[in-house]
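Structure first, then comments.
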Amino acid sequence: MSPSVIMETHDKVGLIRINRPEAFNALNDEVMDGIGSALAGFEADEAIGCIVLTGNDKAFAAGADIAAIKDFGYMDTYKADFITRNWERIKTCRKPIIAAVAGYALGGGCEIAMMCDMIFAAENAKFGQPEIKLGTLPGAGGTQRLPRAIGKAKAMDLCLTGRMMDAVEAERCGLVARIFPTDRLIEETLAAAQTIASYSQPVVMMIKEAVNRAFETSLTEGLLFERRSFHASFALEDQKEGMTAFIEKRKPVFKNR
Ligand code: DAK
């Protein structure tokens, strides 16, 4: 049996493929544990500067595996710390993660895409929070990250009707950073990820932390956090190298320190 999560290395980029094509990449514990250990592996690997999470041409992920969870009782979910235990590993990764979404990103699939730092979509991508049709509600951040990404009106529309949103609408309302033809999604996403991975890793991590701070704090506190991180960047050898290389009209060679 092929593994439900595949890890590939492309130069400085770690690629994680969800691989349950027979079930539209529905997310079970094996997949989520696999994503978690792949992320841990890429985080520990100093040669990796950016991570891409993807599915296949038909589905990024069609949500939590309904067959696996349908008979759960409250105590099963509470005692096993369902969702929090392994799904939230994506959130704690310090290296940037790009979700490359083709096909369906529904329910938990849309939610794990939103846990990533940005979403690149194929033209055939479809996003939605259809849990309401199953008699439940989004449980991995859909009601919280969606309004922050696309505003209350669209978030209410998606969560309350369960309808799907295509890539063009998703980009228009800010859920998606870029759209590519479906057959070019991985190539283009890897190219953007290589660009990010070519920069100073500590600076990349500081930028990720600072942007994420914008969703957790007031403007004044967020600006202070940004300013201190900016000041701290002047302690980096990479800042000296970056500015010296600019003056000397050459490409910088970053050492990640
Ligand atoms: N889980 C399990 N199997 C799935 C699946 C899913 N989410 N989505 C698709 N499949 C399976 C189908 O059962 C079918 O299997 P076979 O019959 O071939 O064995 C196969 O994939 C192909 O699906 P379809 O025959 O339905 O194919 P279509 O092209 O007609 O439709 C579809 C594709 C993706 C539009 C459709 O399959 C679909 O609507 N899938 C369900 C999407 C969905 O509702 N996703 C949200 C899942 S709920 C929590 C509790 C719950 C949750 C979170 C927290 N707590 C207690 C805290 C739930 C989160 C969710 O994500």
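When a ligand or atom number is given, it counts from 1 through the structure's own listing order.
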Lys/Arg cation over aromatic Phe215: Arg148, 6.0 Å, 45° cone |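 So Arg148 doesn't make the cation-pi contact.
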Do Asp57 and Asn124 meet the criterion of a side-chain donor-acceptor pair at a distance under 3.5 Å?
->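 On atom types as modelled, these side chains do not qualify, holding no pair under 3.5 Å.
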Atom indices of ligand 1 within 4.0 angstrom of [X] heavy atoms, with elements:
X	answer
Thr77	56 (C)
Gly108	60 (C), 61 (O)
Pro130	43 (C), 44 (O), 45 (N), 46 (C)

Examine distances only and state if a side-chain atom of Lys12 and a backbone atom of Ser198 form a donor-acceptor pair shorter than 3.5 Å.
->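 Side chain of Lys12 to backbone of Ser198, a donor-acceptor pair under 3.5 Å: no, none is there.
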Are any side-chain N or O atoms of Lys133 and backbone N or O atoms of Thr161, one a donor and one an acceptor, separated by less than 3.5 Å?
->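 Judged by distance alone, no pair lies under 3.5 Å.
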For [atom], find the nearest protein heavy atom and state the residue, atom name and distance (0.1 Å precision).
atom	answer
atom 23 (O) of ligand 1	Phe24 CE1, 3.6 Å
atom 16 (P) of ligand 1	Glu22 O, 5.0 Å
atom 50 (C) of ligand 1	Phe82 CE2, 3.8 Å
atom 8 (N) of ligand 1	Ala62 CB, 3.6 Å
atom 48 (S) of ligand 1	Leu134 CD1, 3.6 Å
atom 34 (C) of ligand 1	Tyr104 CD1, 3.6 Å
atom 4 (C) of ligand 1	Ala23 O, 3.9 Å
atom 51 (C) of ligand 1	Ile69 CD1, 3.5 Å

Protein contact for [atom] (heavy atom, distance under 4.0 Å):
atom	answer
atom 14 (C) of ligand 1	no
atom 37 (O) of ligand 1	no
atom 25 (O) of ligand 1	no
atom 31 (O) of ligand 1	no
atom 61 (O) of ligand 1	yes
atom 1 (N) of ligand 1	yes

Check this for me: [X], atom [atom1], are more than 12 non-hydrogen atoms of other residues, nucleotides or ligands nearer than 6.0 Å?
X	atom1	answer
Glu22	CD	yes
Phe72	CZ	yes
Arg94	CZ	no

Have a look at ligand 1 and work out which part of [X], if any, has a heavy atom under 4.0 Å from it: side chain, backbone, both or neither.
X	result
Phe72	neither
Ala64	both
Asp65	both
Leu27	neither

Would you say that [X] contacts [Y] through its side chain, given a criterion of any heavy-atom pair below 4.5 Å between the two side chains?
X	Y	answer
Lys95	Gln201	yes
Phe60	Leu53	yes
Ile132	Cys159	no

Worked check of side chain to side chain contact (heavy atoms under 4.5 Å, CB included) between Arg20 and Asp65 | CA-CA 11 Å; Arg20 289 191 73 209; Asp65 188 324; 2.8 Å; yes
Verify side chain to side chain contact (heavy atoms under 4.5 Å, CB included) between Phe42 and Ile16, making sure each step is shown before the conclusion.
-> CA-CA 10 Å; Phe42 286 139; Ile16 303 172; 3.6 Å; yes
Based purely on interatomic distance, does Gly139 place a nitrogen or oxygen under 3.5 Å from a nitrogen or oxygen of ligand 1?
->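 Between Gly139 and ligand 1 (N or O atoms, distance only) the closest approach is not under 3.5 Å.
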Would you check the N or O atoms of Ile66, main chain and side chain alike, for any that come under 3.5 Å of an N or O of ligand 1?
->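 The answer is yes, given that Ile66 and ligand 1 share an N or O pair closer than 3.5 Å.
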Give the intermediate values and the outcome of side chain to side chain contact (heavy atoms under 4.5 Å, CB included) for residues Tyr199 and Ile207.
-> CA-CA 11 Å; Tyr199 298 129; Ile207 291 172; over 6 Å; no
Parallel, tilted or perpendicular, as decided by the 30° and 60° cut-offs, for the rings of Tyr74 and Tyr78 |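 The rings of Tyr78 and Tyr74 lie parallel, inter-plane angle below 30°.
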